Amino acid sequence: MLISEFFIMVNQPTLLSTQLFYKDRVVEVTLNRVMLGFWKEIETRRKRSASFNCISKDADHHFLLVSEIVGARETKEEEDQTNKDGGRKHRVLLYPYAFTVSYTERTKHHCWRYKDIIFHCLDEAQRQQWVQTINNQLSLLSIRPKRLLVYINPYSGKQRGKWIYEQRVAPLFSRASISTDVIVTESANHARDHLKTEVDLKQYDGVVCVGGDGMFSEVVHGLVSRTQSDSRVDQNQPNQDLVPCALRIGIIPAGSTDCICYSTTGTNDPVTSALHIIMGDSQPMDVCSVHHNNTFLRYSVSLLGYGFYGDVLTDSERKRWMGPSRYDFSGLKTFLTHQYYEGTVAFLPAEDNLGNPRDKIKCMTGCHICEQGANNGQLLSLDHVDKMAEENSDKETSGDGVWRVIRGKFLAINAASMSCACPRSPRGLSPYAHLADGTTDLILVRKASRLDFLRHLMRHTNKDDQFDMSFVEVHRVRRFRFVPKQSNGISEVDLSETSGKKICNQVCTAHPNNDTGHSNWNCDGEILPHADIQVSVHCQLIRLFARGVERRTTFDTYTWSVIEGSSLSWQA
């Protein structure tokens, strides 16, 4: 924040200015359209306690941004802790009417917290005036949602979705005067089907899903499909430009991994996600459409994985009875089998993009690469891309917008449309992938020894460059296609527990023979029925109630600090 910006906030027209009692002193409280501030101590300040040591003694300028306020309400007697302090009771008698202002506070690890600050007034009319004026200003913030449709998956993760919503999220929505219609899903794809056919979307400002990545995928499929249907867009055409969704999507994490929430906010905290929704944040996000022979299969927002991650998912689906631990077991089993697959990858490089997968530029709040990528995505239509592909389909060298073709034996083929970060892998599969630049990072892991592949996997959990290996290459692309060597177009997925080979026999072989000729695609945790696919990236097709991962240092000139858990303080 610059000094000029600060004085612009201060010099906004004043809406209210009154002497109020706050903690152990009387202060002049001022409200304008941008900030709620209390600037002058009317009475001599008491000696600061040890908890105030982080603030200089002359730091008497305190304020809250209106955009960070959740709501204001009359304070009930049981909420007012000041009355319990005998030393302050005589002061409260002079200012008996209290009101509470709730606001957001940033803490460590990108988490937000919900805090209250209590002021005391001289009379009831003054209290009502403050509460009403603050809430009126909040109602003018058009980006904030007023009514939400909420889907809760009671079975995701540790089956705590309903409890998380009712105990930790619903009270916050109530404080922010957000009305909700809540639907507890009863079966797989309940939310998707309801969004596609039954719900009247015009009466809502957004859709919130409480669950894991699978629940979010359901909502995305329902909302995107409904938007295309209402706009009469044929989803089965790979070169079709899709219509962006009008409603924003909120994620309350309650799953096993919550990769999408972690990659877009930097944390898997339900309260943080709820506060992002209340603030009305908006983060655009790319979506990949996956087709097979001009037939739409699925949408992907995070990971498309063939080979290793496809095999892990296929095996874990046979062991759902194990719960979340099945992923660890299947991952170890798949690593030990060390299967590779032959095929051909063709892709259109995003050569007009400002970034690349190894430039060490992270996608964060206000990402300039995503802003520029949106412009490039509009200029480069899918029809133009297809025309270039037809003219240059046999060329294998990169150049002026031509497709590249790579044939080989692969341990894994991954397309990451975001970093795919999670608590187990804080940097993700592609640490510098971007959420909304109209591209996906295509990662090709060629045939290598088991030890080298283990080194590659281990780098997902540390700060080493996982692409700095001779058998790994990564490309930022707008579209790609994959054809397995032995392809009949259909992948028969056998989810039975029986297997014709024992793992110990496969471990003894450097590269075991592949009887099936192909793996399965892992599309955001769902198995695709075809191995031969075409993928197109649709720039900023959806928007989340998020703002991206915030930078740790938001302000350069000024320091924001927390005073006794009650307000933010500014000092030069």
Side-chain angles (χ1 to χ4, degrees), residues 1 48-56 59 62-65 67-70 101-117 157-158 160 164-165 167-169 171-172 175-176 210 212-213 250-281 283 360-367 418-428 431-433 435 460-464 544-571:
M1 178 186 291
R48 294 180 181 273
S49 62
S51 62
F52 283 76
N53 289 339
C54 61
I55 304 300
S56 63
H62 312 295
F63 67 82
L64 297 172
L65 297 176
S67 61
E68 301 287 320
I69 295 176
V70 174
V101 178
S102 302
Y103 66 96
T104 61
E105 173 189 273
R106 289 161 178 77
T107 61
K108 295 181 179 179
H109 309 299
H110 303 287
C111 289
W112 288 14
R113 285 295 173 262
Y114 172 85
K115 297 291 183 178
D116 288 334
I117 179 172
K158 297 180 180 180
R160 299 179 70 232
I164 288 174
Y165 178 77
Q167 301 298 319
R168 305 189 66 185
V169 177
L172 297 183
R175 292 283 172 88
V210 184
D213 292 339
I251 312 172
I252 302 298
S256 303
T257 306
D258 299 311
C259 165
I260 297 168
C261 186
Y262 194 95
S263 296
T264 54
T265 64
T267 181
N268 288 348
D269 176 56
V271 172
T272 301
S273 294
L275 291 173
H276 277 292
I277 295 170
I278 291 171
M279 295 297 109
D281 287 337
Q283 169 63 53
K360 300 188 183 301
I361 301 176
K362 289 188 176 181
C363 185
M364 306 191 78
T365 302
C367 177
M418 60 177 62
S419 66
C420 297
C422 65
R424 289 191 175 187
S425 179
R427 298 178 74 240
Y432 308 111
L435 294 170
H460 292 157
T461 63
N462 56 41
K463 295 184 179 180
D464 294 333
L544 305 185
F545 282 110
R547 62 177 64 180
V549 179
E550 288 188 306
R551 303 178 191 279
R552 293 187 179 182
T553 304
T554 306
F555 306 105
D556 298 326
T557 310
Y558 299 90
T559 302
W560 294 75
S561 302
V562 177
I563 299 181
E564 254 187 357
S566 63
S567 76
L568 296 176
S569 173
W570 166 84
Q571 66 180 94

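Since we're looking at a predicted model, the values are computed, not measured.
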To check you understand the geometry: which heavy-atom pair defines the closest contact between [X] and [Y], and what is its length?
X      : Y      : value
Pro253 : Ile164 : O-CD1, 4.1 Å
Leu172 : Ala274 : CD1-CB, 4.0 Å
Cys259 : Asp213 : N-OD2, 3.0 Å
Ser102 : Ile69  : O-CG2, 3.3 Å
Ser425 : His460 : OG-O, 2.6 Å
Ala433 : Cys363 : O-CB, 3.6 Å

Measuring only between side-chain heavy atoms, which start at C-beta, is [X] closer than 4.5 Å to [Y]?
X      : Y      : result
Lys115 : Leu64  : no
Ile252 : Ile277 : yes
Gln283 : Leu435 : yes
Ile260 : Ile251 : yes

Run the salt bridge (Lys or Arg N to Asp or Glu O under 4.0 Å) test against Asp281 and tell me which residues pass, sequence neighbours left out. Arg547

Using the test side chain to side chain contact (heavy atoms under 4.5 Å, CB included), find all partners of [X] that sit at least two apart in sequence or belong to another chain.
X      : value
Ala176 : Val70, Ile178, Ile278
Ser419 : Ser263, Ala421
Thr272 : Cys111, Trp112, Arg113, Thr267, Asp269, His276
Pro423 : Tyr262, Asn268

Distance only, no hydrogens: is a donor on one side chain within 3.5 Å (strictly under) of an acceptor on the other, for Glu68 and Thr104? yes

Across all chains, not counting sequence neighbours, the side chain to side chain donor-acceptor pair (under 3.5 Å) partners of Arg160 are none

Enter the distance from Lys362:NZ to Arg551:CZ here, rounded to the nearest 0.5 Å. 10.5 Å

Could you grab the distance from atom OG1 of Thr265 to atom CG of Asp258, nearest 0.5 Å is fine? 9.5 Å

side-chain hydrogen bond (donor to acceptor under 3.5 Å, both in side chains) with Tyr114: which of Glu105, Arg168, Arg175? Arg175

